[in-house]
Amino acid sequence: MPIATVNPATGEVLKTFDPTPDGEVDAAIGRADEAYRALWDTTVAQRGAWLTAAADLLDAETEQIGRLMTTEMGKTLAAAKAEAAKCATACRYYAANAADFLADTPADAAAVGARQAFVRYQPIGPVLAVMPWNFPLWQVVRFAAPALMAGNTGLLKHASNVPQTALWLAELFHRAGFPAGAFQTLLVDSDAVERILADPRVRAATLTGSEGAGRSIAAAAGRYLKKTVLELGGSDPFVVMPSADVAAAAEVATTARCQNNGQSCIAAKRFIVHTDVFDAFAEAFTVRMAALQVGDPTDAGTDVGPLATERGRDDVDGQVRDAVGQGARVLVGGARPDRAGWWYPPTVVTDLTPAMRMWSEEVFGPVAGLYRVSSYDEAVELANGTSFGLGANAWTRDPAEQERFATDLDAGSVFINGMTTSYPQLPFGGVRNSGYGRELSALGMREFCNIKTVWVGEGGAPAGAGAGAHAE
């Protein structure tokens with residue numbers, strides 16, 4: 001894929017970029033390593049001041065960066081501006097809390113025969129971040145904010161269709177005061193990733209993207225013994241039980257499916273509804289989906305803009321066509337409009353079967369699969385019946401069911417009577433083919449730390465290290 005800004009509303013190529021030459025990539029890795037050594041000598045308070053300055057820039061330039069994201073990947077301007085604001089919030093959160101997250105954790109010294117024992121959290125060095133286009137600011141900042149606060153440096157390989165956003169991000173942290181080289185953007189294609197990982201100065205990698213991309217970077221990182229954190233796809237269930245507030249569930253379901261033009265890993269995609277409330281939910285949901293306004297993403301009245309890429313639009317259209325061709329029913333939408341740009345309408349499809357692609361694949365667009373079940377057990381079995389496990393939603397006012405869903409849904413997060421989303425305060429990530437590791441919260445910051453055990457004795461040999469003892 002060429003490195004270019006292509007307006008998804010029109011298909012027009014607005015700006016192209018030459019890839020970063022190999023020699024400049026090597027130089028950038030060197031700068032990242034030098035900046036890591038410089039950050040080693042800074043305090044958490046100093047890094048916090050720089051990150052707060054980055055938050056201030058995000059607030060001051062929300063309109064500018066919002067329009068840039070809308071131009072490059074088609075999200076509504078309102079959503080883009082909200083994304084910038086969320087990034088500012090995350091920066092301030094880590095600036096305020098990093099000292100606590102990185103503080104030494106005391107251990108039971110007496111139990112290990114020490115005068116003092118504790119765990120220390122230290123940075124590991126340059127980290128390669130391979131990031132997608134769907135939240136081109138947030139998914140970078142949710143890595144960069146904790147990584148920089150921990151004292152690491154970042155090398156960003158962003159998606160090829162959001163190069164201007166990627167370059168703006170590199171300048172953001174530099175303008176905020178971080179040392180030169182602390183966060184850099186490399187305009188390279190996917191073929192360059194393994195060569196970057198092979199460099200011994202690069203210590204780890206994080207990726208948000210497809211299952212295939214995750215397998216590829218994990219395999220490459222494994223060859224060079226580099227740690228990875230992967231946030232991959234999702235086919236999140238949205239379960240509605242008889243005790244649910246059906247009207248509220250249908251309203252949230254519409255947003256949960258069509259947020260970001262339906263292009264979110266944690267968007268609800270499979271709507272699993274108990275037969276007792278199926279008809280009421282289906283009617284309310286389809287009415288709301290049909291009412292969404294599709295159009296110019298810069299228009300304040302638009303709810304759903306174009307999909308980000310032509311290939312993505314074609315994939316979604318192909319999944320719906322496959323289902324319909326095998327007997328599925330379309331309740332609303334389902335017809336690709338004949339117009340310039342990469343548009344697809346909010347769509348609800350039901351009567352799905354395991355033979356259809358929509359049953360097992362992630363649908364990355366504003367298309368909902370609607371399923372009828374007759375019991376709690378059937379709902380959980382269907383919810384867990386994919387290879388993914390990123391997020392899950394359950395709607396019930398029954399406390400016993402709420403407790404069971406929290407345990408039984410096999411996902412990295414479970415939201416009950418609310419829409420799955422991410423917060424700086426809570427860990428974020430998946431299980432199974434949705435990836436491994438966690439971002440956000442203290443856990444996300446520590447993913448790229450050396451979690452170091454420190455044992456201090458009285459000056460002699462460690463307790464238990466005499467004759468017959470085995471120390472490991």
Side-chain angles (χ1 to χ4, degrees), residues 33 36-51 90-127 142-154 200 202-206 221-222 224-231 403 406-407 410-414 422-431 435-472:
D33 189 52
Y36 162 61
R37 299 177 193 284
L39 285 176
W40 188 274
D41 293 327
T42 62
T43 63
V44 173
Q46 176 61 80
R47 300 193 294 274
W50 292 331
L51 199 59
C91 287
R92 293 193 174 96
Y93 173 77
Y94 279 106
N97 292 283
D100 290 337
F101 295 163
L102 298 172
D104 293 343
T105 302
D108 186 344
V112 296
R115 177 174 59 82
Q116 185 182 15
F118 57 90
V119 176
R120 176 159 291 173
Y121 305 96
Q122 294 181 300
I124 58 174
V127 180
R142 76 182 187 195
F143 151 73
L148 290 168
M149 280 303 302
N152 296 304
T153 56
V202 176
R203 299 295 299 275
T206 181
Y224 305 106
L225 299 179
K226 306 292 175 73
K227 181 177 182 177
T228 53
V229 170
L230 305 179
E231 191 263 283
E403 177 61 29
T407 299
D410 192 12
S413 62
V414 175
S422 58
Y423 297 96
Q425 297 87 348
L426 294 173
F428 180 83
V431 295
Y436 52 75
R438 291 294 180 265
E439 298 178 287
L440 302 176
S441 77
L443 296 177
M445 171 170 278
R446 293 169 182 169
E447 285 281 6
F448 295 117
C449 286
N450 174 14
I451 301 174
K452 180 186 288 184
T453 292
V454 179
W455 186 101
V456 182
E458 297 293 347
H470 174 70
E472 181 178 4

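Note that this is a predicted model, so its numbers are computed, not measured.
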Verdict with reasoning, Tyr224 to Val202, per side-chain contact (heavy atoms from CB on, under 4.5 Å): CA-CA 10 Å; Tyr224 305 106; Val202 176; over 6 Å; no
Could you go step by step and tell me if Tyr436 and Thr228 meet the side-chain contact (heavy atoms from CB on, under 4.5 Å) rule? CA-CA 8 Å; Tyr436 52 75; Thr228 53; 2.6 Å; yes
Output, in order, the C-alpha distance, side-chain angles, deciding distance and verdict of side-chain contact (heavy atoms from CB on, under 4.5 Å) for Arg203 and Val127. CA-CA 6 Å; Arg203 299 295 299 275; Val127 180; 5.7 Å; no
Glu439 vs Glu447, side-chain contact (heavy atoms from CB on, under 4.5 Å): CA-CA, chis, key distance, verdict: CA-CA 8 Å; Glu439 298 178 287; Glu447 285 281 6; over 6 Å; no
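The two residues Asp410 and Val431 have their closest heavy-atom pair at OD1-CG2, 3.7 Å. Cys449 approaches Ala150 most closely through the heavy-atom pair SG-CB, 4.0 Å. Residues Ala442 and Phe101 approach most closely at CB-CD2, 3.5 Å, considering heavy atoms. Taking all atoms of both residues into account, the shortest heavy-atom contact from Val454 to Val456 is CG1-CG2, 4.1 Å. Among all heavy-atom pairs drawn from Met149 and Arg47, the shortest one is O-NE, 2.8 Å. When all heavy atoms of Ala98 and Val44 are compared, the pair lying nearest together is CB-CG1, 4.0 Å.
Put simply, CD on Gln46 and CG on Asp41 are 12.0 Å apart, with the number rounded to the nearest 0.5 Å. Here the OG1-CZ distance, from Thr105 to Arg446, works out to 5.0 Å after rounding to the nearest 0.5 Å.
Across Tyr94, Tyr423, Tyr93, a single residue satisfies side chain to side chain contact (heavy atoms under 4.5 Å, CB included) together with Leu440, and that is Tyr94.
Judged purely by atom type and a 3.5 angstrom limit, Arg120 has no side-chain atom pairing as donor or acceptor with the backbone of Leu102. Asn450 places no side-chain N or O within donor-acceptor distance of the main-chain N or O of Pro123, the cut-off being under 3.5 Å. Between the Trp455 side chain and the Val112 main chain, a donor and an acceptor come within less than 3.5 Å of each other. No donor-acceptor distance shorter than 3.5 angstrom exists from the side chain of Arg438 to the backbone of Leu426, with no hydrogens or angles considered.
Here the side chains of Tyr121 and Ile451 are in contact, with some heavy-atom distance below 4.5 Å. Taking 4.5 Å as the limit, some side-chain heavy atom of Arg142 sits within range of a side-chain heavy atom of Phe428. The shortest side-chain heavy-atom distance between Pro126 and Thr153 falls under the 4.5 Å cut-off.
Within 6.0 Å of CD in Glu403 there are 12 or fewer heavy atoms belonging to other residues, nucleotides or ligands.
Note: Phe143 and Phe448 have perpendicular aromatic rings, judged against thresholds of 30 and 60 degrees for the angle between ring planes.
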